[in-house]
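Ligands are counted one by one from 1 in listed order, and the atoms in each one are counted from 1 as well. All residue numbers refer to positions in the sequence shown, counting from 1.
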Amino acid sequence: MLNLQYKANRIGIFDSGVGGLSVLREVVALLPRERVCYVADAAHCPYGSRPADEVLRLSLRMVRFLLDKDCKLIVVACNTATAAAINALRKTFPDVPFVGMEPAVKPAAAQSKTCRVGILATAGTLQSRLFNQTKARYAAGVKLHVVAGNGLVELVELGREDSPEALELLRTYLQPMLDGNVDELVLGCTHYPFLQSSIEKIAQGRMSIINPAPAVAVQVKRMLEHSNLLNDEPTSQPFYEFFSTGNVEALMQLQKKHLPLPTERRSFQALTSL
Ligand code: DGL
């Protein structure tokens with residue numbers, strides 16, 4: 001039985017792999033009292049090259065797992081899964097508040113001085129109806145340079161986000177944007193914020209980098225407040241439970257490097273039965 005009304009229940013977060021940690025990082029900063037259950041579907045990563053109906057099936061499995069863990073709100077911390085599944089998830093679980101990712105086309109278009117915006121995302125996200133609707137709604141009057149960042153998710157999963165390989169691959173995606181006078185770059189995949197320092201080396205200040213994760217954390221807070229589910233108990237202690245359907249080590253390494261958490265406040269577990 002779901003007990004979604006219990007304020008101390010956890011926030012559930014899922015992604016195909018380690019990318020959702022870029023969202024978790026913002027959730028932890030904004031909502032330090034909340035307990036979180038994070039699941040990485042590493043056995044099926046990357047999602048970006050899979051057909052939408054398969055991503056939907058995998059997302060349903062992740063959500064069922066999180067609901068079994070008594071989560072009160074679920075963050076689909078994956079642009080690809082949001083595009084393929086969020087509508088169906090909301091229909092299937094009408095009582096569950098969901099927060100998804102959306103490529104930040106709107107703020108990028110508003111901020112661009114050259115009226116040229118770059119979007120780096122997975123092939124799955126770029127082919128989706130959600131992305132095309134967002135583009136039609138918010139990108140009027142700007143030229144979009146849309147690029148599928150094939151291979152980047154895999155490098156981040158391997159912990160090679162700062163490697164010469166990552167820099168080289170990013171250069172092939174970003175140089176044409178720079179040559180085309182793009183001044184705003186939207187990170188349309190939750191793995192990509194971990195590539196930020198490599199991106200900055202290439203961009204040399206010529207493009208602003210837009211990571212939608214902080215806005216997603218604000219939306220999580222807003223929805224918890226709205227449903228009266230925010231854990232505002234001053235003595236409450238957070239705990240972060242991490243699960244992976246594949247290599248747990250990747251999750252542990254990235255967490256250590258990019259989101260340090262006290263050892264006694266976190267646990268890691270491989271999911272063999274999912
Ligand atoms: N982090 C995902 C996203 O935001 C994952 C991509 C993938 O698994 O291909 O799209």
Chemist: Is it true that a side-chain atom of R90 and a backbone atom of F98 form a donor plus acceptor pair closer than 3.5 Å?
Modeler: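 Checked: pair present.
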Chemist: Under a 4.0 Å heavy-atom limit, does S16 contact ligand 1 with its side chain, its backbone, both, or neither?
Modeler: side chain
Chemist: Enumerate the atoms of ligand 1 whose separation from the nearest heavy atom of G48 is less than 4.0 angstrom.
Modeler: 7 (C), 8 (O), 9 (O)
Chemist: What do you reckon, does H191 have a nitrogen or oxygen under 3.5 Å from a nitrogen or oxygen of ligand 1?
Modeler: yes
Chemist: For atom 7 (C) of ligand 1, find the nearest protein heavy atom and state the residue, atom name and distance (0.1 Å precision).
Modeler: Y47 N, 3.2 Å
Chemist: Is any N or O atom of T122, backbone or side chain, closer than 3.5 Å to an N or O atom of ligand 1?
Modeler: no
Chemist: Does any N or O in the side chain of S112 come within less than 3.5 Å of the main-chain N or O of E184, such that one atom is a donor and the other an acceptor?
Modeler: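 Not confirmed, S112 side chain does not pair with E184 backbone.
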Chemist: What is the nearest protein non-hydrogen atom to atom 10 (O) of ligand 1, stated with its residue, atom name and distance?
Modeler: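 Here the nearest protein heavy atom works out to T80 OG1, 2.5 Å.
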Chemist: Can F65 and F14 be said to form a ring-ring contact (aromatic ring centres under 6.0 Å, His included), step by step?
Modeler: CA-CA 10 Å; F65 171 80; F14 81 90; over 10 Å; no
Chemist: Between the side chain of K72 and the main-chain N/O of N9, is any donor-acceptor distance below 3.5 Å?
Modeler: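 Here the side-chain-to-backbone pair exists.
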Chemist: With backbone taken as N, CA, C and O and side chain as the heavy atoms from C-beta onward, which portion of D15 lies under 4.0 Å from ligand 1: side chain, backbone, both, or neither?
Modeler: side chain
Chemist: Whether the side chain of T125 engages the backbone of G48 through a donor-acceptor N/O pair (distance < 3.5 Å, no angle test) should be reported.
Modeler: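 No, the answer is negative, given that no donor and acceptor are paired below the 3.5 Å cut-off.
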Chemist: Does NZ belonging to K69 count more than 12 external heavy atoms closer than 6.0 Å?
Modeler: yes
Chemist: Hey, does S49 come in under 3.5 Å of ligand 1, counting only N/O atoms on both sides?
Modeler: no
